[in-house]
**Student:** 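Take a look at this one; I'll ask things after.
Every heavy atom of this structure was used, including side-chain atoms; hydrogens, water molecules and symmetry mates were not. Note on naming: letters A, B, ... go to the chains in the order of the sequence lines (proteins, then strands), and numbering restarts at 1 for each one.
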Number of protein chains: 2
Amino acid sequence: MGRWPGGTQERLQEAAIELFTERGYERTTVAEIATRAGMTERTFYNHFADKREVLFPEQDSFIAKVREAVGAAPAEQPPLDAVSAAFIAGSDWFDQRQEAAQRRRRILDAHPDLREREWTKLAALGEAITAALRTRGIPDPAATLTAAVSVAAYQLAAARWLADPRHGTLGHHLHTSFEDLHRTARSW
Amino acid sequence: MGRWPGGTQERLQEAAIELFTERGYERTTVAEIATRAGMTERTFYNHFADKREVLFPEQDSFIAKVREAVGAAPAEQPPLDAVSAAFIAGSDWFDQRQEAAQRRRRILDAHPDLREREWTKLAALGEAITAALRTRGIPDPAATLTAAVSVAAYQLAAARWLADPRHGTLGHHLHTSFEDLHRTARSW
DNA sequence: ACGGTGATTACAGAACCTGTAATCACCGTG
DNA sequence: CACGGTGATTACAGGTTCTGTAATCACCGT
C-alpha cells in the first residue's frame, strides 16, 4: 500500500492538469507537480515514464480494449465495421468524461511536445488494430490500410465531439464519421 | 559563410549517423556528434532544434514539395490520384539515396524516441496534404480522410521499398500501394 | 515486538537544451 | 592595406529532465 489512501497516479494527474492550465506545460516543472501532489519528483518518475506521459493515462488499456473488441467481433462482419463497432462500444467511458477531455485537449493543442506524444499513441492504436485484423484473417496490406483509415475516422469523430460536446455523444460522432468515410471511399 | 567549406549540417548528419550506427542512439551524446564533426555542442543546436532532428533533414522541404505538387495537379484529377502522382513525382530523389535511407531506417526502428519524431513528421505531411486538398476545393471531411489514407499508402510503399530495394523503385511501390488502396477501399 | 514488503525518499549525476555575450573568419569598401 | 560590418561559431552559466542506487518509511501479518 502507498502512503496516500487515494491513488497516487490520480493525484499526480490532477496536480499536473491544474498546473498546466495555470502556467502552461513548459513553465511547469516535474518537481512542482510532485510537490503539489504531496510527494517528490522521484516518485513522479516511479509512476510515469516521463513528463508527457502524465497526460496520457489509461491509453494502454484503451488500446487493449479496442484490440480485444475487434478480435471478438462476429466473424462475418466486414473489417471496417468491426473496428467501428469496437470504438463505439467503448465510447461511453469518454462521454462520461467530456469535460476532462476538453481541458486535456486544450493543453495538448498548445504544446507540440504533447501532440507528438499523442501521435505515437495513435500510431500504437493503429498497430494494435492492424494486429487484431490480421488475427481475423485479414491479410496485408488490407489490415494496415484499414487500421490507418479507422484511426483517422476515430480522430475525426473525437475532434467533432470535442468541438461541440452538446451536439451529440462520441458514439454518435463515430457513427457519422465512419459513414463519411464510406462515402469518401466510394469517390476514390 | 561558415568556418567549414562543406555544409555544416551535412557534416553533423554524417557524424551522427556514424556514431548512432557504432554505439546506438542513446549511448551517443550531442557533444560527441559535434566533436566528430569538428565543432561544439552549441553549434549543433544552432542547426538542429534537438538531438532527434538531425535524422530528419529536408523533411520540411519534402513536405512543401508534396503540397505544391498536389496543388499543381490538373483540376479534373481525382484527389487521391493527385496525391499519388505528387508522391511519385518526387520519388526519384529517394531512389538515388536508397542505401542512406536503409541505414537511417535501421537506426529509427531501434529507438522509440526517433519513431516518435517520425510519426509527427508524417502527421505534418498529412496536414499539408489536407491543406492542399482543401485549396483544390475538396471539403472536409473528405480532405482529412483522403490525406490520412494517402500517408498510410505512402508508408506502405516506403516500407516495401526498403524491405527489398532491388525489387523496384519507390515510384513502382507507390503505384502498387495506391492500387492496393483502391482495391481495399472497394471492400469497405 | 518483529521482520517482511512495497512504496517513497535522499542523493548524486549525466545529458539535453537555452540564453547571452564574446570571438572569429570573411568580405566589401575607402 | 586598414577598417568596420556581417554572420557563424564559441565560451560559459544554468535550469530541467531523467536515471541509478541505497536508505528510509508505513503498513501488515505473526
Side-chain angles (χ1 to χ4, degrees), chain A residues 1-57 107-108 110-118 120-121, chain B residues 1-57 107-108 110-118 120-121:
Chain A
M1 263 299 204
R3 190 156 309 179
W4 299 104
T8 333
Q9 301 200 358
E10 285 77 3
R11 286 177 140 270
L12 286 165
Q13 287 161 23
E14 288 167 21
I17 290 187
E18 284 175 22
L19 286 165
F20 290 166
T21 329
E22 292 173 14
R23 312 184 200 174
Y25 173 77
E26 292 127 2
R27 305 188 60 79
T28 304
T29 72
V30 175
E32 288 168 341
I33 299 171
T35 303
R36 175 163 303 200
M39 35 199 128
T40 309
E41 184 184 11
R42 191 63 183 87
T43 306
F44 179 97
Y45 288 106
N46 287 342
H47 290 271
F48 300 101
D50 56 43
K51 185 182 175 186
R52 306 172 185 183
E53 211 54 27
V54 73
L55 277 173
F56 297 86
I107 301 173
L108 256 58
H111 301 286
D113 280 10
L114 296 170
R115 306 223 319 171
E116 181 161 53
R117 178 56 50 85
E118 188 184 23
T120 80
K121 297 291 186 187
Chain B
M1 263 300 204
R3 189 156 310 180
W4 299 103
T8 332
Q9 302 200 358
E10 285 77 3
R11 285 177 140 270
L12 287 165
Q13 287 161 22
E14 287 167 21
I17 290 186
E18 285 175 22
L19 286 165
F20 291 166
T21 329
E22 291 173 16
R23 312 183 198 175
Y25 172 76
E26 292 126 0
R27 305 189 60 80
T28 304
T29 72
V30 175
E32 289 168 342
I33 300 171
T35 303
R36 175 162 302 199
M39 35 199 128
T40 309
E41 185 182 9
R42 191 63 182 87
T43 307
F44 178 98
Y45 288 106
N46 286 343
H47 291 271
F48 300 101
D50 54 44
K51 186 183 174 184
R52 306 172 185 184
E53 213 50 30
V54 73
L55 276 173
F56 297 86
I107 300 172
L108 256 58
H111 300 287
D113 280 10
L114 296 170
R115 305 223 320 171
E116 182 161 53
R117 178 55 49 83
E118 188 183 25
T120 78
K121 297 293 187 187

**Student:** With respect to the phosphate group of C:dT8, does any side-chain polar atom (N or O) of A:Thr43 fall under 4.0 Å of OP1 or OP2?
**Tutor:**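 No, A:Thr43 has no side-chain N/O under 4.0 Å of OP1/OP2 on C:dT8.
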
**Student:** How many whole angstroms separate atom OH of A:Tyr45 from atom P of C:dG13?
**Tutor:**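 Atom-to-atom, A:Tyr45 to C:dG13, this comes out as 19 Å.
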
**Student:** Mind calculating the distance between CZ (B:Arg42) and P (C:dA21) to the nearest angstrom?
**Tutor:**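 The answer, rounded to whole Å, is 13 Å.
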
**Student:** Test the A:Lys51-A:Tyr45 pair against the cation-pi criterion, namely NZ or CZ under 6.0 angstrom from the six-membered ring centroid and within 45° of the ring axis.
**Tutor:**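 No, a cation-pi geometry is absent between A:Lys51 and A:Tyr45.
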
**Student:** In terms of side-chain geometry, is the basic nitrogen of A:Lys121 or A:Glu53 positioned less than 4.0 Å from the acidic oxygen of its partner?
**Tutor:**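 A salt bridge links A:Lys121 with A:Glu53.
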
**Student:** Rounded to the nearest angstrom, tell me the gap between atom CD in B:Glu41 and atom P in C:dA15.
**Tutor:**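 One finds 10 Å between P of C:dA15 and CD of B:Glu41, rounded.
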
**Student:** Please check this pair: side chain of B:Arg11 against backbone of B:Ala37, looking for a donor-acceptor N/O pair closer than 3.5 Å.
**Tutor:**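 Yes.
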
**Student:** Would you indicate whether the side-chain heavy atoms of A:Phe44 and A:Thr35 approach each other to under 4.5 Å?
**Tutor:**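 With C-beta onward as the side chain, the pair stays apart.
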
**Student:** Check the distance between C:dA21's P and B:Asn46's CG and give it to me in whole angstrom.
**Tutor:**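 Those two atoms, CG and P, are 15 Å apart.
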
**Student:** Please pick, from C:dC16, D:dT17, D:dT10, the nucleotide with the shortest atom-to-atom distance to any side-chain atom of B:Val30.
**Tutor:**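 Taking heavy atoms from C-beta onward, the closest nucleotide is C:dC16.
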
**Student:** Taking Watson-Crick and G-U wobble pairs with both distances under 3.5 Å, convert DNA chain D into its dot-bracket string, 5' to 3', dots for unpaired and | for cross-strand pairs.
**Tutor:** ||||||||||||||||||||||||||||||

**Student:** Using a strict threshold of under 4.0 Å (side-chain N to carboxylate O), is an ion pair present between A:Glu14 and A:Arg36?
**Tutor:**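 Between A:Glu14 and A:Arg36 there is no salt bridge, as every charged N stays at least 4.0 Å from the carboxylate O atoms.
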
**Student:** Give me the ring orientation class for B:Tyr25 and B:His111: parallel if the planes are under 30° apart, tilted from 30 to 60°, perpendicular past 60°.
**Tutor:**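 Ring orientation of B:Tyr25 relative to B:His111: tilted.
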
**Student:** Rounding to an integer number of Å, can you tell me how far B:Leu114 CG sits from C:dC16 P?
**Tutor:**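 Atom CG in B:Leu114 sits about 12 Å away from atom P in C:dC16.
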
**Student:** Rounding to an integer number of Å, can you tell me how far A:Met39 CE sits from D:dC25 C1'?
**Tutor:**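 It is 15 Å, rounded to the nearest whole Å.
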
**Student:** Does A:Thr29 put a side-chain nitrogen or oxygen below 4.0 Å from OP1 or OP2 of D:dG15?
**Tutor:**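 Result: no.
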
**Student:** Mind calculating the distance between OH (A:Tyr25) and C1' (D:dT16) to the nearest angstrom?
**Tutor:**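 In whole Å, D:dT16 C1' lies 11 Å from A:Tyr25 OH.
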
**Student:** On DNA chain D, check which nucleotide each of B:His47 and A:Ala31 is closest to and give me the residue with the more 5' one.
**Tutor:**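 Its nucleotide being nearer the 5' end, the pick is B:His47.
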
**Student:** Would you call B:Arg52 and B:Glu116 a salt bridge, taking side-chain N to carboxylate O under 4.0 Å as the test?
**Tutor:**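 Judged by the 4.0 Å cut-off on N to carboxylate O distance, B:Arg52 and B:Glu116 do form a salt bridge.
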
**Student:** I need the CZ-P distance between B:Phe44 and C:dA15, as an integer number of Å.
**Tutor:**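 For the pair B:Phe44 CZ and C:dA15 P, the rounded distance is 15 Å.
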
